[in-house]
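This report concerns only the one structure given below.
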Amino acid sequence: METSSGGSSDEGRRIFKVDTWCSQFRNGSNPWMARYIYALMFLIANLLAWAVRDYGRGALTEMERLKGCHGARDCLGAEGVLRVSLGCFIFYFTMFLSTTGTSKMRERRSTWHSGWWSAKIILWIAFTIIPFVLPATVIRLYGDVAHFGAGVFLLIQLVSVISFITWLNDCCQSDKAADRCQIHIMLLATMAYVICLVGIISMYIWYVPQPTCLLNIFFITWTLVLLQLMTSVSLHPKVNAGILTPGLMGLYIVFICWCAIRSEPGGGKCIRNAETSTKTDWLTIISFIVAVLAMVIATFSTGIDSKCFQEG
């Protein structure tokens, strides 16, 4: 039985390597390809949310059920993002419930996870459309709950990013790659610290135009303190982890601080040139790319190594 199982598994791997991605997508399940398709679907959902937020206000106003949106001028755009987010949540939560507890590659649930793409794409499209016909009250309730979910997601993302950066640092400091990667580590770490300092100085210039902006001053200063603290701990003789890990982690926390401060409502006194802060510009594009990259790194590192979420 073991030989037969091993032979079928090896045969399946050979088929995965020989067949094209299109034929695997149509005819069978490929666990190695599944993560890329899920990542592509998630990217499309992010692009859709971005389009709905910035460009979909005119189309959304034609829908009768969305006229109950109250508040600021961008309420419809923000509500549209919540509707896309709710559809994405329903789809992935359904996938979680239908595949949880799967332990073998040849189980039916594993096949459902890594195959049946035509059915799942139809299901994903349906779940994306359904929230757009729900009452605004339901969407606002989901938005309140999503604040807690976003905090949990950021925590999971933080653990995943730390795990990925630690793995990258260990690979660069290994005996095989230490001599070859030494210059690259120094250049990458130096560039990371320079970007961190430039980002912190820029946040002080853009988001602290007045001494009364105490909350912005607190978060930016605390980000600088965390950068210094991580560097000191990493360079401690008992740790001796080098400067690459705190440099890359510094990039991440500076980006998180920047996103949080940029999320302040437009027209505030603590945002320089607040009248242009709501427009889609190159900062928004950079923010979107970095956010998607961070989520991809977190997702793939968690999928490859889930031990960081297991109790010792």
Side-chain angles (χ1 to χ4, degrees), residues 39 42-43 46 50 153-208 216-263 271-273 277 280-305 308:
F42 190 70
L43 175 61
N46 278 272
W50 187 6
F153 176 77
L154 281 177
L155 181 61
I156 296 175
Q157 187 182 75
L158 178 62
V159 175
S160 301
V161 170
I162 291 175
S163 176
F164 174 77
I165 293 176
T166 303
W167 170 81
L168 180 63
N169 185 66
D170 292 340
C171 290
C172 294
Q173 290 187 344
S174 62
D175 295 336
K176 296 181 179 179
D179 297 334
R180 185 174 68 254
C181 297
Q182 186 173 6
I183 298 178
H184 300 82
I185 292 175
M186 291 298 299
L187 290 176
L188 184 59
T190 302
M191 187 183 304
Y193 276 101
V194 170
I195 295 176
C196 287
L197 294 177
V198 170
I200 291 173
I201 294 173
S202 299
M203 285 191 290
Y204 273 120
I205 295 174
W206 291 340
Y207 303 112
V208 191
N216 289 1
I217 294 175
F218 169 77
F219 283 118
I220 299 172
T221 304
W222 184 241
T223 300
L224 180 61
V225 171
L226 283 177
L227 178 62
Q228 177 61 41
L229 183 62
M230 289 188 302
T231 304
S232 301
V233 172
S234 183
L235 294 178
H236 193 276
K238 292 185 178 180
V239 179
N240 194 24
I243 60 175
L244 180 61
T245 300
L248 296 179
M249 276 305 303
L251 286 176
Y252 181 72
I253 62 174
V254 168
F255 169 72
I256 293 296
C257 180
W258 178 45
C259 288
I261 295 179
R262 271 181 59 87
S263 299
I271 301 179
R272 192 179 300 274
N273 297 327
S277 62
T280 302
D281 51 12
W282 63 274
L283 291 176
T284 304
I285 296 175
I286 293 177
S287 177
F288 176 80
I289 293 175
V290 174
V292 171
L293 182 62
M295 286 186 287
V296 169
I297 291 175
T299 304
F300 275 69
S301 61
T302 305
I304 295 172
D305 183 12
C308 55

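Counting only residues at least two apart or in different chains, side chain to side chain donor-acceptor pair (under 3.5 Å) contacts with residues 188-202 comprise Tyr193-Thr231.
Expressed to the nearest 0.5 Å, how far CG of Leu227 lies from CG of Leu197 amounts to 6.5 Å. We find the CG-CE distance between Leu248 and Met230 to be 10.0 Å, quoted to the nearest 0.5 Å. Rounded to the nearest 0.5 Å, atoms CH2 (Trp222) and CG (Leu229) are 7.5 Å apart. Rounding to the nearest 0.5 Å places OG1 of Thr223 at 9.0 Å from CZ of Phe218.
Met186 has its side chain within reach of Ile243: a pair of non-hydrogen atoms, C-beta onward, lies under 4.5 Å apart.
In terms of the side chain to side chain donor-acceptor pair (under 3.5 Å) criterion, Ser234 has no residue partners (sequence neighbours excluded). Partners of Ile261 according to the side chain to side chain contact (heavy atoms under 4.5 Å, CB included) rule, which considers only residues two or more places apart in sequence or in another chain, are Met203, Tyr207, Asn216, Ile220, Cys257, Glu264. With sequence neighbours excluded, the residues that form a side chain to side chain contact (heavy atoms under 4.5 Å, CB included) with Ile201 are Ile205. Residues satisfying the side chain to side chain contact (heavy atoms under 4.5 Å, CB included) test with Ile217, not counting sequence neighbours, are Val208, Thr221. Residues passing the side chain to side chain contact (heavy atoms under 4.5 Å, CB included) test with Thr166 are Ile162, Asp170, sequence neighbours excluded.
When all heavy atoms of Gly247 and Cys196 are compared, the pair lying nearest together is O-SG, 4.0 Å.
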